[in-house]
Q: 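Sending over a structure as structure tokens; questions will come in a sec.
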Amino acid sequence: MPLEKGIELQKLTDEELISSFQAGDEEAYSEIVRRYKDKLSNFLYRYLGNYDDCQDIAQDTLIKVYVSKHLYREIAKFSTWIYTIAINLAKTKIGKKQKFKVLSLNMSDGEDEREFDIPDEAYTPDVDANGKIQDYYIQKALESIPDKYRKLVILRDVDDFSYEEICDITGIPMGTVKSRINRGREKLQILLKDVYEDIKANE
Amino acid sequence: MNEEEKYSELRKKLRSLPGVRAGKDFESKLFQRIRLVSSEGLSRTPDTRHGRLAGRENWLSNIFKQPMFAPAVALTSVLIVGLVIYFAFFTQSPPTETSTEQTPGIQKQYSTTQLETLKSKVGNLKSETGREFATLDASPVEPPKSRTNFGETVTDIRSKSEKDVMEEQVKTEEGALEKTAGPERMEKMDKLEKTEKKEAPPIEKIEGKLKVDETIRQSVVPSNQNETVGEKQQSDSSGDTTKTVITGKNKKAKKKKN
């Protein structure tokens, strides 16, 4: 019975799931969590550059969906609504980070100077090792471009949203969205040009 | 699109980025936090890690919670109370309105034009008859001024209300004006006296004046034949007394008549 119900829930659209959850079906919310946890984690990692932060923000986003389910109305797509929440929470996180200084863990402790390396949990084991270096540089280049270009480039070129959906998520006019995406791509290309030349030279 | 073609390689690389997945304990942690939120009764904010409680606060409590607002609120309340007291007790009404309200009766009876006409008539009568009547001022508020040779001031009038005084004066003078119309009548009177016909003396017709003249003759001892001044207290039906000052320039005529 639960399996059949699970299969039935998988057939439903996002909007049908949220309306079912609004009616009181907790299973519909679980299905929503299953569908969006990886999408949100991927977007937020590319946007924030930190895995722990992206997990926290992703959980905060889904908790907000749980608490504020009554606020969703079928005027816009559900994906638009959930990504809007995620971007707003991520902006708040970035703002808080900029206020506080980031202390380096490579601190000298008296005579013994120890270096503390944080374990890299950004990539799961099933990721191709050869592409790791390239991906690392692309991620670093993404983190280098301004915030207002970065989120739009990620939404368009990483998550493959349409321009209309990006306008709905961010609330920015169409012309501004297109111009900012192009400027972001231009900056990325300049940054990655040198990186690819170095990679080719090493190969 | 040209822009899309221009950055096609970049877009391919970005799409080829490996997808970052959520951790294995993501859902367990999530539902744990949801249970915590629902147990605490938070309705909107997911910031349970920081221990903040979401809730609406009364706007009054916001004002009085902050200590810097207390002196401002106190000062404002004192100013409001002061303004209320000032406008309630210390503002005075203009004097013109009260004077009219106090003497409405007089104003009704005496308009300025009426008073002026009466004045002119009295003046004419005075010049013709040689008698002085009590002056009638246009402003009803001021009491009528009158002097006597005896040096007494008209004090009894002050005891009466101004309205009654003015009414009596008007009555007497109206009666005088009706009876003694002008110089023609005076000539007729002289003629009558000469012919020694007993007519109803003009004085008799003047009701008010007759009584006054007779009583003055009785009470006053003239020092001068030409001019005498007497006083008469005349009682009204109401019991109030009035003093009318009469200068007797016509005493000769009366003596002859007598």
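Here is the naming used below: chain letters follow the sequence lines, and residue numbers restart at 1 for every chain. Note that the structure is predicted; figures quoted are calculated from it, not measured.
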Q: If you count every heavy atom of other residues, nucleotides or ligands that lies below 6.0 Å from A:K77 atom NZ, does the total exceed 12?
A: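 No - once you tally the heavy atoms of other residues, nucleotides and ligands closer than 6.0 Å, there are 12 at most.
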
Q: With a 4.5 angstrom heavy-atom cut-off, which part of A:D160 approaches chain B: side chain, backbone, both or neither?
A: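 Just its side chain gets close to chain B.
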
Q: Do you know the tightest heavy-atom contact between A:D56 and B:R33?
A: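 Where A:D56 meets B:R33 most closely, the heavy atoms are O-NH1, 4.1 Å.
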
Q: For A:R180, enumerate each residue passing the side-chain hydrogen bond (donor to acceptor under 3.5 Å, both in side chains) test, keeping only those at least two apart in sequence or located in another chain.
A: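 Here no residue qualifies.
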
Q: Roughly how far, to the nearest 0.5 Å, is CG of B:L17 from CD1 of A:I138?
A: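 With rounding to 0.5 Å, CD1 (A:I138) is 4.5 Å from CG (B:L17).
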
Q: A side-chain contact here means heavy atoms from C-beta on lying under 4.5 Å apart; do A:R185 and B:R11 qualify?
A: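 Side-chain contact under 4.5 Å: yes.
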
Q: Which pairs pass side-chain hydrogen bond (donor to acceptor under 3.5 Å, both in side chains) with one or both residues in residues 79-90 of chain A, sequence neighbours excluded?
A: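 Of all non-adjacent pairs touching residues 79-90 of chain A, none passes side-chain hydrogen bond (donor to acceptor under 3.5 Å, both in side chains).
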
Q: What is the distance from atom CG of A:L188 to atom OH of B:Y7, rounded to the nearest 0.5 Å?
A: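 OH of B:Y7 is found 10.0 Å from CG of A:L188.
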
Q: Could you tell me whether the side chain of A:D38 and the main chain of B:R21 form a donor-acceptor pair under 3.5 Å?
A: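 Pair absent, no side-chain N/O of A:D38 close to backbone of B:R21.
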
Q: Can A:D157 and B:R15 be said to form a salt bridge (charged side-chain N to carboxylate O under 4.0 Å, His left out), step by step?
A: CA-CA 6 Å; A:D157 296 330; B:R15 280 178 191 169; 5.4 Å; no

Q: Please name the pair of heavy atoms, one in B:L14 and one in A:V158, separated by the smallest distance, quoted to 0.1 Å.
A: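 Here B:L14 and A:V158 meet closest at O-CG2, 4.1 Å.
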
Q: Please name the pair of heavy atoms, one in B:K6 and one in A:Q189, separated by the smallest distance, quoted to 0.1 Å.
A: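 What the structure gives for the nearest pair is O-NE2, 4.0 Å.
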
Q: May I ask you to list the residues in residues 167-176 of chain A that approach chain B closer than 4.5 angstrom, counting heavy atoms only, ordered by number?
A: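 Counting heavy atoms that sit under 4.5 Å from chain B, no residue of residues 167-176 of chain A is involved.
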
Q: I need the minimum non-hydrogen distance between A:D135 and B:P18, along with the two atoms involved.
A: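 Between these two residues, the closest heavy atoms are OD2-CD, 3.1 Å.
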
Q: Return the set of residues passing side-chain hydrogen bond (donor to acceptor under 3.5 Å, both in side chains) with B:E27 (not counting sequence neighbours), or none when no residue passes.
A: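 Counting only residues at least two positions away or on another chain, B:E27 forms a side-chain hydrogen bond (donor to acceptor under 3.5 Å, both in side chains) with A:K37.
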
Q: Report which part of A:F43 has an atom under 4.5 Å of a heavy atom belonging to chain B: side chain, backbone, both, or neither.
A: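 Answer is neither: A:F43 stays 4.5 Å or more from chain B.
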
Q: How many angstroms lie between CD1 in B:I34 and CD in A:E26, if you round to the nearest 0.5 Å?
A: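 One gets 8.0 Å once the value is rounded to the nearest 0.5 Å.
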
Q: What are the two closest heavy atoms between A:Q59 and B:L30, and how far apart are they?
A: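 Taking every non-hydrogen atom into account, O-CD1, 3.6 Å.
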
Q: Hey, which of B:A22, B:S16, B:G23 has the most heavy atom pairs under 4.5 Å with chain A?
A: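 The answer is B:A22.
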
Q: Please find the pair of heavy atoms, one from B:F26 and one from A:L62, that lie closest to each other, and give the distance.
A: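 Distance-wise, the nearest heavy atoms are CE2-CD1, 3.6 Å.
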
Q: For atom CD of A:E143, is the number of surrounding heavy atoms from other residues, nucleotides or ligands below 6.0 Å larger than 12?
A: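 Correct, the count exceeds 12.
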
Q: Under 6.0 Å from the CD atom of A:E16, do we count more than 12 heavy atoms belonging to anything else shown?
A: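 Above 12, so yes.
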
Q: Mind checking whether B:F31 and A:Y29 have side chains closer than 4.5 Å, heavy atoms only?
A: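 Sidechains of A:Y29 and B:F31: in contact.
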
Q: Should the heavy atoms of other residues, nucleotides or ligands under 6.0 Å from CZ of A:R183 be counted, would the total exceed 12?
A: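 12 or below, so no.
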
